[in-house]
Amino acid sequence: IDYYNDLINACLERGIEPYVTLHHFDTPLPLFHEGDWLSEHMIDSYVKYAEICFENFGDRVKHWITINEPWSLAAGQYLVGHFPPNITYDLGKAAQAMHNMVYAHARVVNLYKSMKLDGQIGIIHILEPKFPISVQPEDKLAAIREHTFCNTFMLEGTLNGEYKDSTIKIMREVLA
């Protein structure tokens with residue numbers, strides 16, 4: 001906390017407005033070993049961590065980012081496998097991690113608002129447009145499914161706090 005207080009103060013003294021990202025592909029190792037974003041313990045620990053940050057830095061930091069690119073993290077961990085735990089093509093784990101990150105984001109935003117801090121808070125999504133490779137119905141359906149999995153699922157959770165029935169239906173199809 002002392003380190004970040006010094007860093008934030010040094011930024012402000014030099015006219016630099018700090019933007020703080022609470023999670024940027026950087027889960028502490030003990031929480032990673034407990035399941036990372038697949039674990040409810042991770043969500044609770046993340047909310048507590050955010051609270052500590054808000055209490056200690058919220059008087060000076062006015063711009064907060066809850067999670068940087070949850071899609072990139074989930075895809076890297078459970079689809080492509082280039083982030084630990086380096087699992088490939090586990091759609092169920094990717095979807096669970098994405099859902100848990102959106103849920104944790106919502107809890108942190110609600111916490112921030114309840115603390116009546118003077119600032120802004122949000123999430124950074126990366127969106128990937130999906131287009132069918134041909135005009136064939138199966139290719140169009142594949143593009144819709146991938147768009148729903150990669151984009152709509154997290155956007156609806158973030159913006160609406162719930163998923164539309166059509167999104168749930170497509171996610172069940174994708175995960176079947």
Side-chain angles (χ1 to χ4, degrees), residues 19-50 63-113 120-176:
Y19 283 64
V20 173
T21 301
L22 295 169
H23 190 281
H24 188 140
F25 308 160
D26 54 358
T27 300
L29 192 57
L31 290 171
F32 174 80
H33 287 304
E34 292 178 20
D36 201 7
W37 285 109
L38 300 177
S39 162
E40 286 186 37
H41 180 65
M42 172 67 180
I43 297 168
D44 293 336
S45 296
Y46 174 72
V47 173
K48 183 62 180 167
Y49 162 70
H63 304 282
W64 296 89
I65 299 158
T66 57
I67 301 171
N68 181 69
E69 299 179 5
W71 162 247
S72 296
L73 181 57
Q77 289 180 309
Y78 302 112
L79 299 178
V80 181
H82 62 263
F83 293 157
N86 308 103
I87 295 171
T88 56
Y89 210 67
D90 190 325
L91 294 172
K93 286 183 178 176
Q96 186 64 58
M98 290 186 301
H99 170 76
N100 286 354
M101 283 186 266
V102 168
Y103 176 61
H105 160 78
R107 285 187 53 193
V108 168
V109 168
N110 288 337
L111 171 66
Y112 186 81
K113 289 178 179 179
Q120 299 175 331
I121 188 165
I123 191 168
I124 303 239
H125 282 301
I126 183 171
L127 302 176
E128 299 178 353
K130 306 297 177 181
F131 302 100
I133 197 166
S134 77
V135 297
Q136 297 300 315
E138 60 271 15
D139 291 335
K140 289 180 179 181
L141 180 58
I144 290 168
R145 286 178 172 165
E146 188 165 358
H147 173 74
T148 300
F149 189 85
C150 300
N151 299 317
T152 306
F153 181 65
M154 283 192 294
L155 288 176
E156 284 182 3
T158 302
L159 299 173
N160 303 334
E162 61 186 4
Y163 305 108
K164 293 180 183 175
D165 290 340
S166 58
T167 300
I168 293 169
K169 179 181 181 278
I170 291 171
M171 288 299 289
R172 285 185 176 143
E173 292 170 2
V174 169
L175 296 171

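Fair warning: this is a prediction, and the values are worked out from it, not measured in the lab.
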[X] [atom1] to [Y] [atom2] distance, which is reported to the nearest 0.5 Å:
{"X": "Gln120", "Y": "Tyr112", "atom1": "CD", "atom2": "OH", "result": "8.0 Å"}
{"X": "Phe153", "Y": "Thr158", "atom1": "CZ", "atom2": "OG1", "result": "10.0 Å"}
{"X": "His147", "Y": "Leu127", "atom1": "NE2", "atom2": "CG", "result": "8.0 Å"}
{"X": "Glu69", "Y": "Met154", "atom1": "CD", "atom2": "CE", "result": "9.5 Å"}
{"X": "Thr148", "Y": "Met171", "atom1": "OG1", "atom2": "CE", "result": "8.0 Å"}
{"X": "Leu38", "Y": "Phe32", "atom1": "CG", "atom2": "CZ", "result": "9.5 Å"}

Heavy-atom neighbours of Leu29 CG exceed 12 at 6.0 Å: yes

Heavy atoms from other residues, nucleotides or ligands near CG of Asp26 exceed 12 (cutoff 6.0 Å): yes

Is the shortest heavy-atom distance from the side chain of [X] to the side chain of [Y] under 4.5 Å?
{"X": "Phe149", "Y": "Trp71", "answer": "yes"}
{"X": "Asp36", "Y": "Phe83", "answer": "no"}
{"X": "Leu111", "Y": "Val47", "answer": "yes"}
{"X": "Gln96", "Y": "Asn100", "answer": "yes"}
{"X": "Leu73", "Y": "His23", "answer": "yes"}
{"X": "His99", "Y": "Tyr163", "answer": "yes"}
{"X": "Tyr103", "Y": "Glu40", "answer": "no"}
{"X": "Asp44", "Y": "Arg107", "answer": "yes"}

Minimal non-hydrogen separation, [X] against [Y], with atom names:
{"X": "Leu22", "Y": "Ala50", "answer": "CD1-CB, 3.9 Å"}
{"X": "Phe25", "Y": "Ser72", "answer": "CZ-CB, 3.9 Å"}
{"X": "Trp37", "Y": "Ala104", "answer": "CZ3-CB, 3.5 Å"}
{"X": "Pro129", "Y": "Asn151", "answer": "N-ND2, 4.5 Å"}
{"X": "Gln77", "Y": "Pro85", "answer": "CB-CD, 3.9 Å"}
{"X": "Lys130", "Y": "Cys150", "answer": "CE-SG, 3.7 Å"}

N/O donor-acceptor pair under 3.5 Å between Tyr46 side chain and Val108 backbone: no

N/O donor-acceptor pair under 3.5 Å between Thr88 side chain and Leu79 backbone: no

Flag for Thr21-Asn68: side-chain donor and acceptor within less than 3.5 Å: no

Candidate list Ile65, Asn110, Val109, Val20, test side-chain contact (heavy atoms from CB on, under 4.5 Å), partner Ile121, passing option: Val109

Residue from His125, His105, Met98 passing side-chain contact (heavy atoms from CB on, under 4.5 Å) with Pro70: His125

Worked verdict on Thr167 versus Glu156 for side chain to side chain donor-acceptor pair (under 3.5 Å): CA-CA 9 Å; Thr167 300; Glu156 284 182 3; 2.8 Å; yes

